[in-house]
Amino acid sequence: MDKFNPKKKKTVKKRALKVLTEISLTPLFSMLFLLHISQIATYLSLSDKETLNITVKTKQGGTDTCAGRYVYMHNLPSRFNEDLIKSCEAYIELRNKCKYLINSGFGPRILEEDHNHTTRVLTIETGSWYYTNQFMLEVIFREKMRHYECLTNDSSLSSVVFVPFYAGFDVRRFWGYNVKLRDELGEDLAQWLRERPEWRKMYGRDHFFVTGRVGRDFRRVTDQDSDWGNKLMRLPEFENITMLSIETNSRSNEFAVPYPTYFHPKSRTEVKRWQRQVTMMQRRYLFSFVGANRPKMEESIRGEIIRQCLASQGRCKFLDCDTSSKDCSDPVKVVEVFQDSVFCLQPPGDTPTRRSTFDSILAGCIPVFFSVDSVYNQYKWYFPKDRTKYSVYISEEGVKNGKVSIEKLLASVTEEKISRMRNEVEKIIPKIIYTKPGEVGPEKIEDAFEIAVARVLERVSLFKMTRI
């Protein structure tokens, strides 16, 4: 390596200055130089990296591609989000969820050595499969929003305002406590939002938040300690705010978004590869059920479903979730059952919806529903309007009174129709997954997050038009 010579450096500087002076006299250089100065001025006028991404990346050919799509995310005091998960171990009701908080809510990554046949079931080498808990959506969504291409730190530019409140963690930590304690943080947030200048723009009608719990957890009817949940969505301020949750009560300001699955790919190429694998699967079972009985729930049809499955002489696979084996907590075993099945039974559980619905669709298994509230009346942003294109509907009543044979009904579906339905199911896959944040360009996927944000923007835009 050459030694540093200060005299040589001075000579080089003089020569460089002379060459620069000669070049700068040309008209072309002058034009380019002025353009460069203009770009530097734009760069320096931006307050931070976040704004830089907004202003520079979105302008193509002089057109702002984020016009009408800007989202402003409130910088909430940590008591409304970070503190809730930092103190996760302190609350008995949250302790079994703490381990899933890593990797921005995706949970621990599934590794090849965790299972002998993991690579046969999952595209494990992509590093996109995780032990994701079904209630982590608010953590996942916040991280996705941090990388949203049209995020702005200038609220005057925004069309909607995102409130990154961990409502699900708040309601769960005080399960069974008195109502005053359960309602305290929500009331605190309502006051905080009211005092913000962004609130006065539309009094919350352009605000939205996301929760990984079902809607009824936030609509307690009475102030009796024995009543369920808190009253967040009954507060006057939150009657204006849009709530996205994994299950709704069909209220005008509640909308259902998919439960998180185990698959969080980075690119469109990854998704297509998974879809090809799903298409080529040889399915050994006509139908399957992954779940547990609900003997204490008189209205539940699960007992009859399990009875019919076990009586099918090998045409149905039952993965019992009511055992000590914890097979239903193993993503590889769950996905494998769905991959091996043509149809996957999705009866209601504690509530009408199930995370299992999305895991089965991810595996290319045609869902069979027994309640219109399991999907049809819930996830309208994500599924075709014509439910016969991608699913089978069987009345709960028919199964309950034993008049319907699930096996016979499903066996009567022609191979041609099954092929068409599976093709529709595979098309749904990109829409119901939450991808790794940050991808842009042609490899970006319009995933569940992107669809949700786009629909909220549409909703607020329509509301603004009605006010004109």
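Nothing here was measured: the structure is a model prediction, and the numbers come from that model.
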Looking at [X] and [Y], does any basic side-chain N land under 4.0 Å from a carboxylate oxygen?
X      : Y      : value
Arg194 : Glu237 : yes
Lys400 : Glu299 : yes
Arg220 : Asp227 : no
Arg294 : Asp350 : yes
Arg315 : Glu407 : yes
Arg120 : Glu336 : yes
Arg284 : Asp340 : yes
Asp447 : Lys444 : no
Glu416 : Arg420 : yes
Glu254 : Arg219 : yes
Arg213 : Glu247 : no
Lys201 : Glu198 : no
Lys180 : Asp183 : no
Arg354 : Asp359 : no
Glu93  : Arg172 : yes

Check: [Y] and [X] side chains under 4.5 Å, non-hydrogen atoms:
X      : Y      : value
Leu84  : Leu185 : yes
Val171 : Trp175 : yes
Lys431 : Glu446 : no
Ser395 : Val404 : no
Ile246 : Gln134 : no
Ser288 : Phe318 : no
Glu187 : Leu235 : yes
Arg79  : Asp188 : yes

With a 3.5 Å distance limit and no angle check, can you tell me whether [X] reaches the backbone of [Y] through a side-chain donor-acceptor pair?
X      : Y      : value
Asn253 : Phe238 : yes
Glu138 : Gly168 : yes
Arg302 : Pro348 : yes
Glu443 : Arg268 : yes
Arg182 : Gly229 : yes

With a 3.5 Å cut-off and no angle check, do the side chains of [X] and [Y] form a donor-acceptor pair?
X      : Y      : answer
Tyr259 : Thr353 : yes
Tyr434 : Thr261 : no
Glu125 : Thr119 : no
Ser405 : Gln308 : no
Arg459 : Thr242 : yes
Glu270 : Ser128 : yes
Gln346 : Ser360 : yes

Could you tell me whether [X] and [Y] have their ring centroids closer than 6.0 angstrom?
X      : Y      : answer
Tyr390 : Phe383 : yes
Tyr130 : Phe106 : yes
Tyr379 : Phe358 : yes

Disulfide bond (SG atoms under 2.5 Å apart) contacts touching [range] (sequence neighbours left out):
range            : result
residues 374-455 : none
residues 238-317 : Cys309-Cys316
residues 356-397 : Cys344-Cys365

**Request:** Test Lys272 against Ser267 for side-chain hydrogen bond (donor to acceptor under 3.5 Å, both in side chains), laying out the working first.
**Result:** CA-CA 9 Å; Lys272 287 182 177 178; Ser267 65; over 6 Å; no
**Message:** For a quick test of reading the model, state the closest non-hydrogen atom pair linking Glu426 to Gln275 and the distance between them.
**Reply:**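 Smallest heavy-atom distance, with atoms named: O-NE2, 2.8 Å.
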**Prompt:** Of the non-hydrogen atoms in Leu232 and Ala167, which two are nearest, and what is the gap between them?
**Reply:**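 Closest approach of Leu232 to Ala167, heavy atoms only: CD2-CB, 4.1 Å.
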**Message:** Can you confirm if the NZ or CZ of Arg355 lies within 45° of the ring axis of Tyr262 and under 6.0 Å from the centre of its six-membered ring?
**Reply:**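 Here Arg355 passes the 6.0 Å and 45° test against Tyr262.
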**Request:** Please determine if Arg216 forms a cation-pi arrangement with Trp228, meaning its NZ or CZ atom is less than 6.0 Å from the six-membered ring centre and no more than 45° off the ring axis.
**Result:**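 Verdict for Trp228: a cation-pi partner in Arg216.
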**Asked** Run the ring-ring contact (aromatic ring centres under 6.0 Å, His included) check on Trp199 and Trp192 step by step: do they pass?
**Response** CA-CA 10 Å; Trp199 184 261; Trp192 188 91; over 10 Å; no
**Prompt:** Only one of Thr248, Thr211, Val210, Val163 forms a side-chain contact (heavy atoms from CB on, under 4.5 Å) with Met243, so which one is it?
**Reply:**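 Testing each of Thr248, Thr211, Val210, Val163 against Met243, the sole residue satisfying side-chain contact (heavy atoms from CB on, under 4.5 Å) is Thr211.
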**Prompt:** Near Glu89 CD, under 6.0 Å, is it more than 12 heavy atoms from other residues, nucleotides or ligands?
**Reply:**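 Yes, the 6.0 Å shell around CD holds more than 12 heavy atoms from other groups.
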**Request:** Return yes when atom CG of Asp386 has more than 12 non-hydrogen atoms of other residues, nucleotides or ligands closer than 6.0 Å, and no otherwise.
**Result:**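 Check passes, neighbour count above 12.
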[X] vs [Y] aromatic rings, parallel, tilted or perpendicular, using cut-offs 30° and 60°?
X      : Y      : result
Phe209 : Phe218 : perpendicular
Phe169 : Tyr166 : tilted
Phe208 : Phe141 : perpendicular
Phe263 : Trp274 : tilted

**Request:** Assess whether side-chain hydrogen bond (donor to acceptor under 3.5 Å, both in side chains) is satisfied between Ser371 and Tyr376, documenting all intermediate values.
**Result:** CA-CA 8 Å; Ser371 167; Tyr376 309 139; over 6 Å; no
